Structure formats: C-alpha cells, structure tokens
There are 2 protein chains.
Amino acid sequence: MGRTGGTRERIVRTSARLLLSRSYGSVSVDDVCTAADVRKGSFYHFFPSKAELAKAVVDLHTEALLDRLSAAPGASAAERLHGVADALGTIQTGFESTFGRVVGCPFGNLAAELSTVDDTLRDHLASAFARWEREFAAICHRAQDDGVLRDGVDPDRLAHSLLAHAQGQILLAKVGGHSAAEVAAMLHDLIDVHLHEGAV
Amino acid sequence: MGRTGGTRERIVRTSARLLLSRSYGSVSVDDVCTAADVRKGSFYHFFPSKAELAKAVVDLHTEALLDRLSAAPGASAAERLHGVADALGTIQTGFESTFGRVVGCPFGNLAAELSTVDDTLRDHLASAFARWEREFAAICHRAQDDGVLRDGVDPDRLAHSLLAHAQGQILLAKVGGHSAAEVAAMLHDLIDVHLHEGAV
DNA sequence: CTGTGCGTTGACCGACCGGTCAACTACGGT
DNA sequence: ACCGTAGTTGACCGGTCGGTCAACGCACAG
C-alpha cells in the first residue's frame, strides 16, 4: 500500500516543526516543500489543501501526546495527576531545547489562529482537545475515588481547568519568554491546591 | 493637531473588530480599508506597516481593559478578586453577543499567532500582559493582607495563574464553542479554591 | 512484454498580498 | 492672498500565495 519513500510522513513532520517555530499564516506551502525537499505537485498529491495538512499535523501531535500520557507512571491517582503536569512539562522542555524558547502548544497555537477562520479545522481541534480532557477527567475521577480531591472539587471541572491552565501558562510563557520549567511548576501548583493538604 | 475626520481611530476600531472575528493572517490591509471606508494610501499615512496597526489595536484593548478593571466595584479584596472574573466575563459576553460566539481574547489571539513571528509585537504584547498581571497582583496582595488567601498561596503566583487561566478558558471556549458565562464560572471557581473556606 | 496506477516533476496560473508614490485637496496660520 | 502641511486619493508594483496540470518514471501484476 502506502509504502514509498515516506514522503507524506516527511511532509507532516517537517510541517509540525515549521508550524511550531512560526505560525500557520507565516508558513507557506512552498516553505514546507522546500524544507521537506518535496515538489509542490507531490505535496498536493497527498493533501488537498494547506488546511488538511494542518489537520494531519494535529493528528500527529495528538497521537504523540496520548502515547506519552498513557505511558506516564504513578501508582496513586495523585501521583498520576502530577504525572500529567510532568508529561506536559517534558513536552514543552523538548520544544524549548529544539527551538531555543517556549513556542507554544501545537494545538493551542492553531486553535487561536484558525478556529474563527476554518470551521472544519476548529472541529478537528475541538475533538483533539476533547480527547485530552477525557484522559485528564479519568485521572481526576480516580483521584476523587481515592478521596484526595478537596471537598467541592468536581473532577470534570478540574480536568477542564487543568487543560485551560496548561494552555494559558504555555501561551504566557511563549509571549513572556518564560521557561518550560516554570510552566510545569505552575501546573503542579494548580493541582496541589485542588488536593487535600498532605495528599500525594 | 490630529483633528480631522478621526480616520485613524476608525481604522483601529474597524481592525479590532475584524481581528477578533477572524485572525491577523486572514485579515488583509485591503479588508481593513474597505471595512473602514479608507483608501490604502491613507492607511499607510497613519501606519507604517500592518504590524504597527496590530500594536495600535493592542493599545486600544489595553486601555479598555484597564479602565474596566479599575472601575470594578467591591469593598473587600475577595470581592474585588471576583470582580476581576466578572469584568473578564462581561467583556467576553460582549464579544459573544457581537460576533455570535466566543472569539477569543484580543491579546491571546495575537500572542498565539504572532509572538513567534514578530519580536516587536511580542514585546508589545508581553508588556500589555505584564500590566494586566500587575493589576491582578495588586488585588491578590490586598487579599493576602486581608487574610483571605489560603495558606501557602503566593499572591504573585496567583495573579499569574489567574491570567493564565483566563487565557486558557477563553481559548477552550473559542475552539469548543462554549459560552462566555461558562468561562466566567470557571474563573470564579479558580478564585474560590485559592480562598479560605467561608471567605467572601 | 505490457498495461495500470501511484508517485513525482516542474512549469504554470490568477489572485491577492503588503507596500509605494506623485498628485491633489483643504485648512490654519501669517 | 499666500504658503506649509496634514490628510486623501487611486493607480501602481513586485513578490508571493495556494493551487493546478500534463507529462513522466517506475514498480508491479497480468
């Protein structure tokens, strides 16, 4: 079947890198083709449009993120909760060392730029976020079952908060030039205030 | 002095609207000129570049936001803290009714799209965010002085968290199609978990 | 050996992009 | 009455954008 030189994958991975280092609007199809050493006709053989490429990039990151989340260790639910913060921190640290600074969240960047512009892309991103959130929510529910959540804290809302907080912290780090480590620290703080004292 | 037909202001206000409803990359200078009924030469009489226009739009929103924050009522620091959430909620509700949905934060949208692309714009946005954060921090410190902050909660970090949370919640609402009211509710929740039980 | 179809190539396209410019208008100061 | 100047106008520009296309290479099935 789809076995040749792996051109499509090369395009997607190259695009992922370019989109992180700049933005959707400032990365042209020509840029992608040059960086991936692919001719434009080939590009349009695999992707009907630039927007579809963006969706493929979203899928790539989604897969990578979910893999990393499910691989996160932690015996107790509280540990797993902090493991989420660690996982996000690790990802951001990776981007930081690749690009020399925090460059934002691949999902958040595209969501901010394009969700008012392209409805199908917004849907795509919304379902990617929903998968994140479901993953988080499962852990939050386990935390509640373990009784480590403070009274009155709703696990579903906590999951949503965690996601929002991550997005916001990453965005602020990107614009303010803060480090990925600070982002992770703030996420750990957020988790801690939702847990009973002495939990973990 | 600068008294004519108020062309410059019309350009900025029109751009603010267009940028919110779409994105920087998808709004052309021609779009702005058409919507503002201004010829392109006039545009470039007032702005040396499209990027400078974006900065002017940022300044417009900054002024509006700071006005609204300082006008927020609330006798106690805890009330003022919730007043911040209300103010942000009100602004988002306004956008929601203007555009028919949550369209994101004017600062956050531009920050996500352009802070890896244009350094001067990133600086501009960073200092705008810094002003927000200072405003928030002042209120958080007052809250600490009043003893309503939970033990171990650092007011400066809380201010940063509040800002991040607002950005994240607004972004998620934009992509997920949630309402401004839900955003505000989540912000109130965040504030509450940082306050002693029974405060307010 | 030949047909079939995926992948590739490079030339090509019209639209639109951000930005420029010289000429013109209108008004306030003298 | 004159001038300087802020503002306005519309034509113009080179470059780049996303996207198209006909022709070609080439592996594999028959």
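Since this is a predicted model, take the numbers as computed values, not measurements. So that the names make sense, note that chain A is the first sequence line, chain B the second, and so on, each numbered from 1. Hydrogens, waters and symmetry mates play no part in the numbers below; they use all other heavy atoms, side chains included.
- For B/E96, there are no side chain to side chain donor-acceptor pair (under 3.5 Å) partners at least two apart in sequence or on another chain.
- Applying the ring-ring contact (aromatic ring centres under 6.0 Å, His included) test to pairs two or more places apart or on separate chains, none has a residue in residues 57-78 of chain A.
- Aromatic pair A/H194/B/H194: ring centres not closer than 6.0 Å.
- Distances shown here put every side-chain N or O of A/T7 at or beyond 4.0 Å from the OP1 or OP2 atom of C/dG7.
- Applying the ring-ring contact (aromatic ring centres under 6.0 Å, His included) test to pairs two or more places apart or on separate chains, none has a residue in residues 10-33 of chain B.
- Straight-line distance from the CZ atom of A/R39 to the C1' atom of C/dT9: 8 Å, rounded to whole Å.
- As a whole-Å value, the separation of B/D37 CG from D/dG10 P is 10 Å.
- Side-chain atoms of B/F46 lie closest to D/dT8 of the nucleotides C/dG10, D/dG10, D/dT8.
- Contacts classified as salt bridge (Lys or Arg N to Asp or Glu O under 4.0 Å) and involving residues 20-46 of chain A (residues at least two apart or in different chains) are given here: A/R22-A/D31, A/D30-A/K40, A/D37-A/R39.
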N/O to N/O distances under 3.5 Å, protein versus nucleotides 15-19 of chain D:
residue, atom, partner, partner atom, Å
D/dG18, OP1, A/K50, NZ, 2.8
D/dG18, OP2, A/V29, N, 2.9
D/dG18, N7, A/K40, NZ, 3.0
D/dG18, O6, A/K40, NZ, 3.4
D/dG19, OP2, A/Y44, OH, 3.0
D/dG19, OP2, A/K50, N, 2.9
D/dG19, N7, A/K40, NZ, 3.1
D/dG19, O6, A/K40, NZ, 2.8

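- Look at CZ on B/R8: it is 13 Å from P on D/dT8, rounded to the nearest Å.
- Taking atom NE2 of residue A/H45 and atom C1' of nucleotide D/dA23, one finds them 15 Å apart after rounding to whole Å.
- Within the structure, every pair that satisfies the ring-ring contact (aromatic ring centres under 6.0 Å, His included) test and touches residues 136-155 of chain B, not counting sequence neighbours, is listed here: B/W132-B/F136.
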